[in-house]
Number of protein chains: 2
Amino acid sequence: MGHSILKSDKKKNSDKHRRIIEAALKVFAKKGFYNSKVSEIARAANVADGTIYLYFQNKDDILISLFEEEMGNILDKMHQALQTVTDPAAKLERFADQHLTMLEENQELAEIIQVELRQSSKFMKEYQNDRFHQYLNIISGIIKEGQQMGVFRKDILPGVAKRAFFGALDEMSRYWILSPVKKYSTAVAAQQISAFFIKGMLVDPQTA
Amino acid sequence: MGHSILKSDKKKNSDKHRRIIEAALKVFAKKGFYNSKVSEIARAANVADGTIYLYFQNKDDILISLFEEEMGNILDKMHQALQTVTDPAAKLERFADQHLTMLEENQELAEIIQVELRQSSKFMKEYQNDRFHQYLNIISGIIKEGQQMGVFRKDILPGVAKRAFFGALDEMSRYWILSPVKKYSTAVAAQQISAFFIKGMLVDPQTA
DNA sequence: CGCTAATGAATGACGATTCATTCAAACAAG
DNA sequence: CTTGTTTGAATGAATCGTCATTCATTAGCG
């Protein structure tokens with residue numbers, strides 16, 4: 001299912017594409033994909049129902065495009081945030097903090113990632129999510145780097161660790177989305193979570 | 001939304017309730033809640049469409065009941081698995097192993113938990129999932145126990161750690177569901193993940 | 001016979017998508 | 001500058017298919 005590639009030129013002409021994506025972000029976040037009506041998105045975007053189909057192939061395509069674009073932003077920002085850090089342990093902590101901060105600043109996107117990214121076969125299975133993998137691979141990259149530098153133990157499987165680390169952060173953000181009151185600050189949670197993993201992966205002092 | 005309480009007596013009479021739940025498990029797992037038709041569930045359960053409504057209030061109720069029952073089982077099994085273990089660190093490792101093993105043995109349930117547990121406002125926000133919280137609280141219970149015994153550091157926030165730990169396991173199981181080939185065995189993953197957390201939470205040797 | 005469980009065809013609502021029509025801007029000709 | 005013509009973006013009412021749910025009917029059992 002190639003999503004609107006042919007129409008990418010239109011993006012330059014008008015802001016409608018953007019307007020629709022942003023409206024969809026809000027609507028999907030509030031009601032979930034299947035409970036959102038295309039007409040609601042249209043209304044929120046100040047656009048006629050039919051106009052949506054000039055910019056997107058169908059409802060699915062709205063969601064997928066939304067992802068691609070937003071994940072692209074997230075990837076960029078994360079790379080930027082990590083640029084200044086060199087120590088692998090510090091990088092992991094930075095990653096955690098940046099991740100939670102971004103999602104905190106963009107609640108709506110966080111909800112969509114939480115809820116719809118998982119959305120069954122439809123979106124996860126048959127649509128291989130490159131951007132998401134790239135994101136995960138930032139983590140394993142840091143871990144491998146740490147291993148080469150002799151900071152992290154060699155018996156750590158980066159493929160397991162990256163998922164565990166991401167999963168831990170992700171569960172934290174799910175909690176924040178679902179619960180109205182936040183018991184822990186972003187910074188504290190990021191610090192604790194990265195501390196678990198860093199301590200868990202460090203080369204033993206006596207062994208080193 | 002109280003789900004079929006009035007009808008709970010019927011469960012005793014026939015196996016239809018069970019049959020429908022099991023059919024729904026299969027169907028929801030394969031297609032996701034919103035893409036599953038009630039008639040498909042009926043067919044899979046060898047029951048007429050209308051019969052479903054003798055046992056469940058509506059489609060939503062099927063999903064919620066399914067959860068309640070299956071999560072109940074999972075909770076029971078987990079408690080049982082932990083009974084024989086006393087050391088908090090060992091308990092955590094046991095938890096991880098048991099969790100991954102259960103989901104591995106019941107792929108379909110794993111998919112539903114993955115996909116539908118997240119299912120939007122509709123199910124997670126307004127339906128407070130007791131069983132799930134109980135499950136998470138097993139983890140924080142172990143951590144608190146460890147802290148009291150002086151094995152785990154006191155500065156660990158059990159509320160953060162339980163989510164981080166669960167999230168790590170959960171992400172691992174998501175990976176297995178979505179990817180056809182399993183690169184890591186349940187045992188290895190369980191061992192690695194619990195090791196991160198245990199090492200991360202242990203009281204420092206020199207400080208102790 | 002009653003009485004309850006079960007059936008499955010019929011109903012009705014809903015909502016994604018379409019497409020005939022409108023509208024405004026761009027251009028051309030006088 | 002004015003008027004006529006073309007173009008394609010935008011509109012939104014109408015369409016059409018798809019199910020969840022209902023309920024009149026039947027089957028089965030004591």
Side-chain angles (χ1 to χ4, degrees), chain A residues 1-4 6-24 26-28 30-66 116 119-123, chain B residues 1-4 6-28 30-66 116 119-123 127:
Chain A
M1 289 297 107
H3 71 107
S4 51
L6 297 169
K7 295 180 182 159
S8 55
D9 48 337
K10 279 195 193 146
K11 287 179 200 172
K12 289 159 198 161
N13 298 354
S14 81
D15 63 333
K16 291 236 168 59
H17 187 274
R18 187 78 227 151
R19 286 231 308 276
I20 293 167
I21 290 261
E22 268 157 22
K26 286 199 174 65
V27 176
F28 287 158
K30 175 131 74 181
K31 332 246 287 192
F33 182 75
Y34 288 104
N35 291 310
S36 298
K37 289 166 229 170
V38 172
S39 60
E40 283 180 285
I41 298 173
R43 186 149 19 91
N46 257 315
V47 143
D49 294 13
T51 306
I52 295 209
Y53 292 88
L54 298 176
Y55 294 87
F56 300 91
Q57 313 203 316
N58 50 39
K59 196 181 167 189
D60 289 8
D61 188 39
I62 304 175
L63 182 57
I64 293 180
S65 303
L66 170 53
E116 312 302 341
Q119 191 61 269
S120 84
S121 10
K122 193 143 205 230
F123 293 109
Chain B
M1 287 296 105
H3 71 108
S4 54
L6 297 168
K7 294 177 182 162
S8 55
D9 48 335
K10 281 194 192 146
K11 288 181 200 172
K12 287 159 199 163
N13 298 353
S14 80
D15 63 332
K16 289 234 167 61
H17 188 275
R18 187 77 227 150
R19 287 231 308 275
I20 294 167
I21 290 262
E22 269 158 21
L25 185 63
K26 286 200 173 64
V27 176
F28 287 158
K30 175 131 73 179
K31 332 244 287 190
F33 181 75
Y34 287 104
N35 291 310
S36 300
K37 289 165 230 171
V38 171
S39 61
E40 281 180 287
I41 298 173
R43 185 148 19 91
N46 256 316
V47 141
D49 294 13
T51 306
I52 296 211
Y53 291 87
L54 297 175
Y55 293 88
F56 300 90
Q57 314 202 315
N58 50 39
K59 195 182 167 189
D60 288 9
D61 188 40
I62 304 175
L63 181 57
I64 293 179
S65 304
L66 170 52
E116 311 302 343
Q119 192 64 267
S120 85
S121 12
K122 192 141 202 231
F123 292 109
Y127 152 70

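Since we're looking at a predicted model, the values are computed, not measured. Lettering of chains follows the sequences in order, A, B, ..., and the numbering in each one begins at 1.
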I need the CD1-P distance between Ile52(A) and dA9(D), as an integer number of Å. 17 Å

Contact under 4.0 Å: Lys16(B) side-chain N or O vs dA5(C) OP1/OP2: no

Of all the choices, dA10(D), dA5(C), dT11(D), which nucleotide is nearest to the side chain of Val47(A) once you look at every atom? dT11(D)

Whole-Å distance between dG12(D) P and Asn46(A) CG? 11 Å

Check Ala45(A) against Ile20(A) and note the closest heavy-atom contact, atom names and distance. CB-CA, 4.0 Å

What nitrogen or oxygen pairs link the protein and nucleotides 16-23 of chain C at under 3.5 Å?
residue: dA16(C); atom: OP1; partner: Ser36(A); partner atom: O; Å: 3.2
residue: dA16(C); atom: OP1; partner: Lys59(A); partner atom: NZ; Å: 3.2
residue: dA16(C); atom: OP2; partner: Val38(A); partner atom: N; Å: 2.7
residue: dT17(C); atom: OP2; partner: Tyr53(A); partner atom: OH; Å: 2.7
residue: dT17(C); atom: OP2; partner: Lys59(A); partner atom: N; Å: 3.0

So if I take every side-chain heavy atom of Ala48(A) and compare against dT11(D), dG8(C), dA6(C), which nucleotide ends up nearest? dT11(D)

Atom-pair distance (CD1 on Ile20(A); C1' on dA9(D)), nearest Å: 12 Å

Passing candidate, side chain to side chain contact (heavy atoms under 4.5 Å, CB included) with Arg19(B), options Asn46(B), Ile41(B), Thr51(B): Asn46(B)

For Ile62(B) and dA20(D), give me the distance from atom CD1 to atom C1', rounded to whole Å. 10 Å

Calculate, to the nearest 0.5 Å, the distance between atoms CG and CD1 belonging to Asn58(A) and Ile52(A) respectively. 11.5 Å

Are any non-hydrogen side-chain atoms of Ile21(B) and His17(B) less than 4.5 angstrom apart? yes

Please report, rounded to the nearest Å, how far the P atom of dC14(C) is from the CG atom of Asn35(A). 13 Å

Figure out the CZ/P separation between Arg43(A) and dT11(D), and round it to whole Å. 14 Å

Spacing of Lys31(B) atom NZ relative to dC19(D) atom C1', expressed in whole Å: 13 Å

Determine whether the side chains of Asn35(B) and Tyr34(A) contain a donor N or O and an acceptor N or O closer than 3.5 Å. yes

Give a yes or no answer on whether the side chain of Lys31(A) reaches the backbone of Lys37(A) with a donor-acceptor pair at less than 3.5 Å. no

Using a 4.5 Å cut-off on heavy atoms from C-beta on, say whether the side chain of Tyr55(A) contacts that of Val47(A). no

For the pair made of CD1 in Ile41(A) and P in dG12(D), what is the distance, rounded to whole Å? 17 Å

